[in-house]
Amino acid sequence: MKNPIFRDVTKEAINSELDIWCTKWQAHKLEAKNVLENALGALDECHETVFPIIRTIFIIICALHISVASAERSFSTLKIY
């Protein structure tokens with residue numbers, strides 16, 4: 001079953017957005033402009049009308065809860081016993 005967020009998205013649409021996105025950032029790099037450092041910065045630079053699919057992906061990435069230290073502490077505690 002396809003994810004309902006992307007049910008009407010074709011591979012061609014994804015590939016064309018990715019091509020435009022990569023071209024944009026390659027041009028930034030060649031012009032010695034600032035490049036992206038994190039997902040929030042990418043979200044700010046991702047215009048909804050030009051990159052609707054990529055923007056949705058960045059929204060999902062930015063909403064994910066990431067906590068590495070707590071998981072590592074749990075495994076360390078398990079190893080002690």
Side-chain angles (χ1 to χ4, degrees):
M1 182 177 166
K2 284 187 168 184
N3 187 319
I5 295 173
F6 300 110
R7 71 174 163 259
D8 297 327
V9 177
T10 63
K11 287 181 183 179
E12 292 80 16
I14 295 169
N15 286 335
S16 64
E17 271 192 42
L18 284 173
D19 287 341
I20 296 168
W21 182 257
C22 290
T23 303
K24 172 184 176 170
W25 292 106
Q26 287 171 353
H28 269 260
K29 190 175 180 181
L30 290 174
E31 296 169 3
K33 293 183 179 178
N34 291 338
V35 290
L36 300 173
E37 294 184 9
N38 56 45
L40 285 175
L43 185 59
D44 287 341
E45 292 291 328
C46 192
H47 302 288
E48 188 173 1
T49 55
V50 181
F51 305 108
I53 300 166
I54 294 174
R55 183 168 176 79
T56 302
I57 292 169
F58 280 129
I59 290 170
I60 293 169
I61 290 171
C62 291
L64 292 175
H65 177 71
I66 299 172
S67 175
V68 176
S70 61
E72 289 178 4
R73 280 192 298 272
S74 298
F75 286 113
S76 295
T77 306
L78 289 174
K79 289 179 186 177
I80 293 173
Y81 298 108

For [X] and [Y], which heavy atoms make the closest approach, and how far apart are they?
X	Y	result
A42	F58	CB-CZ, 3.5 Å
T23	D19	OG1-O, 2.7 Å
F51	C46	CB-SG, 3.4 Å

- [ ] Under the side chain to side chain contact (heavy atoms under 4.5 Å, CB included) rule, collect the residues that match up with T10, sequence neighbours excluded.
- [x]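 So T10 forms a side chain to side chain contact (heavy atoms under 4.5 Å, CB included) with E12, A13.
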Open item on the list: S16: which residues meet the side chain to side chain contact (heavy atoms under 4.5 Å, CB included) condition with it, sequence neighbours left out?
Closed with: none
- [ ] Applying side chain to side chain donor-acceptor pair (under 3.5 Å), name anything that partners E48, two or more places apart in sequence or on another chain.
- [x]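 Scan of E48 (side chain to side chain donor-acceptor pair (under 3.5 Å), adjacent residues dropped) gives none.
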So, taking the atom named [atom1] in [X] and the one named [atom2] in [Y], what distance separates them when rounded to the nearest 0.5 Å?
X	Y	atom1	atom2	result
N38	D44	CG	CG	8.5 Å
I57	I14	CD1	CD1	6.5 Å
W21	Q26	CH2	CD	12.5 Å

Open item on the list: Let me check something: do I60 and I53 share a hydrophobic cluster, defined by ILVMFWY side-chain heavy atoms less than 4.5 Å apart, either directly or through other members?
Closed with: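 Both belong to a single hydrophobic cluster.
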TODO: Flag yes if more than 12 heavy atoms outside K24 fall under 6.0 Å of its NZ atom; otherwise flag no.
DONE: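 Atom NZ in K24 is packed in, count exceeds 12.
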Task: N/O donor-acceptor pair under 3.5 Å between R55 side chain and L43 backbone - done: yes
